[in-house]
Amino acid sequence: QLQLVESGGGLVQPGGSLRLSCAASRGILNFYVIGWFRQAPGQEREGVACINYSGSRTNYLDSVKGRFTISRDKVNMTAYLQMTELKPEDTAVYYCAAVIPVNPNVCTVDPRRYRDWGQGTQVTVSS
């Protein structure tokens, strides 16, 4: 089973930027489709972005389109979520997750499709 570790969260002012990283402490991340998810207090976990096996296709939650960018580095076996123009409503615990895809050419932001999850990293957007 893949073990995932997120990093890069923190406190940032509205309008600021953060880059989250997701690496595997056990397993090879390159074989997986990767998604980023978030969960705010009292809310359900929602999919933020995903990237397919090759990195050629991505999907985003509508509210983050144009502000967030998901990417993957197969040399360093790491996935990233670059977040810009952050808003207070982006405050949440952010998780990365991975799954070996049935179809490697696509990805989904449905959290029910993912098997392996990290522990999460807190992102707080506040002045």
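Numbering of residues begins at 1 and proceeds along the displayed sequence. In what follows, every heavy atom counts, from backbone to side chain, and hydrogens, waters and symmetry copies are set aside.
- Closest approach of Gly8 to Leu18, counting heavy atoms only: O-CD2, 3.8 Å.
- Listed by first then second residue, pairs satisfying salt bridge (Lys or Arg N to Asp or Glu O under 4.0 Å) with a partner in residues 22-43 read Arg38-Glu46, Arg38-Asp90, not counting sequence neighbours.
- Separating the CD1 atom in Ile100 from the CZ atom in Arg115 is a distance of 6.5 Å, to the nearest 0.5 Å.
- Linking ILVMFWY residues whenever their side-chain heavy atoms come closer than 4.5 Å, directly or via other members, places Leu61 and Val123 in the same cluster.
- At a threshold of 4.5 Å between non-hydrogen side-chain atoms, the residues Leu20 and Trp36 count as touching.
- Atom-to-atom distance recorded for Arg19:CZ and Ser7:OG is 9.0 Å, nearest 0.5 angstrom.
- Within 6.0 Å of atom CZ in Arg113, 12 or fewer heavy atoms from other residues, nucleotides or ligands are found, so the atom counts as exposed in its surroundings.
- Scanning both residues, Ala23 and Thr78, for their nearest heavy atoms gives CB-OG1, 4.3 Å.
- At least one side-chain heavy atom of Ile70 sits less than 4.5 Å from a side-chain heavy atom of Tyr60.
- The minimum heavy-atom distance between Arg72 and Ile34, with the atom names listed, is NH2-CD1, 3.5 Å.
- Distance check: Leu29 CG to Cys22 SG gives 5.5 Å after rounding to the nearest 0.5 Å.
- Residues Asn103 and Asn105 approach most closely at OD1-N, 2.9 Å, considering heavy atoms.
- Using a 4.5 Å cut-off on side-chain heavy atoms (C-beta onward), Met83 and Leu81 make contact.
- Residue pairs that meet the ring pair (Phe, Tyr, Trp, His ring centres under 6.0 Å) test with at least one member in residues 77-127, sequence neighbours left out, are Phe37-Tyr114, Phe37-Trp117.
- For Glu89, the CD atom sits in a packed shell: over 12 heavy atoms of surrounding residues, nucleotides or ligands are nearer than 6.0 Å.
- Side chains of Arg57 and Ile51 form no contact here, defined as non-hydrogen atoms less than 4.5 Å apart.
- Side chain of Glu85 to main chain of Gly15: no donor-acceptor pair is present (N/O by atom type, distance under 3.5 Å, no hydrogens or angles).
- Contact check for Val12 versus Ser17: no side-chain heavy atoms found under the 4.5 Å cut-off.
- Residues Pro101 and Phe31 share a closest heavy-atom pair of CD-O, 3.9 Å.
- No donor-acceptor contact under 3.5 angstrom links the side chains of Asp116 and Gln3, judged on distance only.
- Of the possible donor and acceptor atoms, none in the side chain of Lys74 sits under 3.5 Å from a partner among the backbone N and O of Gly55.
- Side chains of Thr121 and Val93 form no contact here, defined as non-hydrogen atoms less than 4.5 Å apart.
- In this structure Ser56 satisfies the side chain to side chain donor-acceptor pair (under 3.5 Å) test together with Asn52, Ser54, sequence neighbours excluded.
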inquiry  = Is there a side-chain contact (heavy atoms from CB on, under 4.5 Å) between Ile28 and Met77? Walk through the geometry before answering.
reply    = CA-CA 7 Å; Ile28 300 175; Met77 295 188 287; 3.7 Å; yes
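- Using a distance-only test at 3.5 Å, with no hydrogens or angles considered, a donor-acceptor pair links the side chain of Thr91 to the main chain of Val125.
- Heavy atoms from other residues, nucleotides or ligands lying under 6.0 Å from CD of Gln122 number more than 12.
- Note on Val64 and Leu86: same hydrophobic cluster, where clusters join Ile, Leu, Val, Met, Phe, Trp and Tyr whose side-chain heavy atoms are under 4.5 Å apart, directly or indirectly.
- Contact between Ala97 and Leu4 at its shortest, heavy atoms only, is CA-CD1, 3.7 Å.
- In this structure, the side chains of Leu2 and Tyr32 come closer than 4.5 Å at one or more pairs of heavy atoms.
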